[in-house]
Amino acid sequence: MSVLIKNGRIITASSDNVADIFIDGEQIKVIGENLDFEADTIIDASGLFVFPGGIDPHVHLDMPFMGTSSSDNYETGTRAALHGGTTMVIDFVLQKQGNSLQSALEEWRSRSDNNCVGDYSFHMAVTDFNENTKKEIQHMVEKEGISSFKTFMAYKGALMIDDRQMVGLMQEVKKQKGMVIVHATNGDMIDYLVAKHKAEGKLSPLYHYLSQPEVTESEASGRFADMANYTGCPGYIVHLTCEGALNAVRNATSRNQKVFVETCIQYLTLDSSLYEKDFEGAKWVMSPPLREKKDQETLWAGINQGLVEVVATDHCPFNWEQKLMGKNDFSKIPNGHPAIEHRMELLYSEGVGKGKISLNKYVEMSSTNAAKLFGMFPRKGTIAVGSDADIILFNPNAKHSISVDTHHMNVDYSAYEGWKLTGKVETVLLRGQVAIDNGECTVKKGYGKYIKRSKLTGIL
Ligand code: URP
Ligand code: ZN
Ligand code: ZN
């Protein structure tokens, strides 16, 4: 199959020009003006932006969590991602404490294999670092293509590791040329505040928010940065939400350290006033919680200051019935919200459309930096000869709105219901195949490929 895309405005992280793209098979073969190749499919992209396919490096599909499972499986989740222009996701394998990394990987593969519509990869969450786990790190990096290791500084008893394990893991991951990534909040402090609020009979979703104040995140972010600095291990903080945490990263730069930062689209666009809606606030119960307007300003500024590298989603959807598990106790509300489908359009509309970020920055945040940081560049994350033909044709003027009635995620509410956006994904190509065409998905489950990732350099 060959495809010729004509006259689109091709925007990468570092370039912006009108040209044609010739694709043969899965890769881009030629980029140039007035290309005159014969092709099976010719697409006129006049007036459209041509972006590299989005990469969301933080999603949880079909994940057993808090007594239930996230409601999007690998098929529905990656299909919804494609509808929104995200051609590749990185999901998390969670080691069970007491068990091996390999057994967790096999369990996750039993759910993901042959079920993805879009491309995918895995981070490995190390929840129990010991002499046995240590021996598995090299295998994960060299044989399984998993070079990023997730750690939790919270969720004690299930996922959290202590600082002793963190330092040991960092030393091994550095040796094997990987990266440690972290959910950086102070688990003990949060557990104390949760117990205190419950003892006082404060049980609504608002107390989820009040149990995770900014200091719980800034303290843990600073501690993580200190341990990464001490060990020399590349470090990346996932879903960073607030001014205090970003300042901990900023402070680390004064000793010439680079800590990579991911924020998520919800922390840029939604705020904690949503927790004042009584139990409806459960729709936005996630960890860390939504923050304040001043934190949104800090995050947008952090993107332009080069302190924030990636905008992800932490997509972890639960149906309303599942959220109701915490009707009488906020600590039982499954944590997470649905966003995999909306990240690219929200970031465009709220970011580029409102003059907060440039078009090149948009591409960097939504695709290129994730590809570079997680060992997939230039195969993924750009539009270049030899790269996978993962391409979005984007209409910058189309107006539309978000609703549960029209989204493709397997979840019965929208966290962005009624939001009006400018800019819409019209066509998506994944490895040379038209995958989304005017709102229709034209590839089947099983088309999505597992992408093995390289060793990581810890530089962009
Ligand atoms: O609330 C969230 N974030 N749920 C998913 C698990 C995690 O902490 O990333
Ligand atoms: Zn997390
Ligand atoms: Zn997460």
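One is the number of the first residue; the rest follow in order along the sequence. Computed from heavy atoms alone, side chains included, the values below leave out hydrogens, waters and symmetry copies. As the structure lists them, so they are numbered: ligands from 1, and atoms in each ligand from 1.
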**Complete:** For H183, the N, O or S atom at the shortest distance from the Zn ion (ligand 2) is ND1

**Message:** Counting only heavy atoms, tell me which of W284, F318, Y155 gets closest to atom 6 (C) of ligand 1.
**Reply:** Y155

**Prompt:** Which atoms of ligand 1 sit under 4.0 Å from any heavy atom of H183?
**Reply:** 8 (O)

**Request:** With the Zn ion (ligand 3) as the reference point, give the N/O/S atom of H58 that is nearest.
**Result:** NE2

**Item:** Nitrogen or oxygen atoms of K150 and ligand 1 under 3.5 Å apart
**Value:** no

**Test of ring centre spacing under 6.0 Å for F92 and F149** = no

**Request:** Would you mind listing which atoms of ligand 1 come within a distance below 4.0 Å of any non-hydrogen atom of H58?
**Result:** 9 (O)

**Prompt:** Looking at ligand 1, does H239 have a heavy atom less than 4.0 Å from it?
**Reply:** yes

**Prompt:** More than 12 heavy atoms of other residues, nucleotides or ligands under 6.0 Å from CD of E200: is that the case?
**Reply:** yes

**N335 and ligand 1 - part of the residue with a heavy-atom distance under 4.0 Å** = both

**Item:** Within 6.0 Å of NZ in K134, more than 12 heavy atoms from elsewhere
**Value:** no

**Asked** Can we say D128 and K96 salt-bridge, meaning some charged N sits less than 4.0 Å from an Asp/Glu carboxylate O?
**Response** no

**Request:** Give a yes or no on whether the ring-centroid distance for W320 and F279 is below 6.0 angstrom.
**Result:** yes

**Prompt:** Of all the non-hydrogen atoms in the protein, which one sits nearest to atom 1 (O) of ligand 1, and at what distance?
**Reply:** S287 N, 2.8 Å

**Prompt:** If you draw the axis of the six-membered ring of Y447, does the NZ or CZ of R431 fall within 45° of it and under 6.0 Å from the ring centre?
**Reply:** yes

**Prompt:** Do S414 and H407 have side-chain N/O donor and acceptor atoms under 3.5 Å apart?
**Reply:** no

**Item:** Heteroatom of D314 nearest to the Zn ion (ligand 3) (N, O or S, atom name)
**Value:** OD1

**Request:** Flag yes if more than 12 heavy atoms outside R255 fall under 6.0 Å of its CZ atom; otherwise flag no.
**Result:** yes

**Prompt:** Any salt bridge between R291 and E214, counting N to O under 4.0 Å?
**Reply:** no

**Message:** Counting backbone and side-chain atoms alike, is an N, O or S atom of C316 positioned under 2.8 Å from the Zn ion (ligand 3)?
**Reply:** no

**Message:** Between C264 and T313, is there a side-chain heavy-atom distance shorter than 4.5 Å?
**Reply:** no

**Fill in**
Ranking T313, D314, V285 by closest non-hydrogen atom to atom 3 (N) of ligand 1, top hit is D314

**Message:** Would you say the Zn ion (ligand 3) has H60 as a near neighbour, meaning an N/O/S atom of that residue under 2.8 Å away?
**Reply:** yes

**Item:** ligand 1 atoms in contact with H60 (distance to a heavy atom under 4.0 Å)
**Value:** 5 (C), 6 (C), 7 (C), 9 (O)

**Prompt:** Any idea which part of M286 is under 4.0 Å from ligand 1, heavy-atom wise: side chain, backbone, both or neither?
**Reply:** both

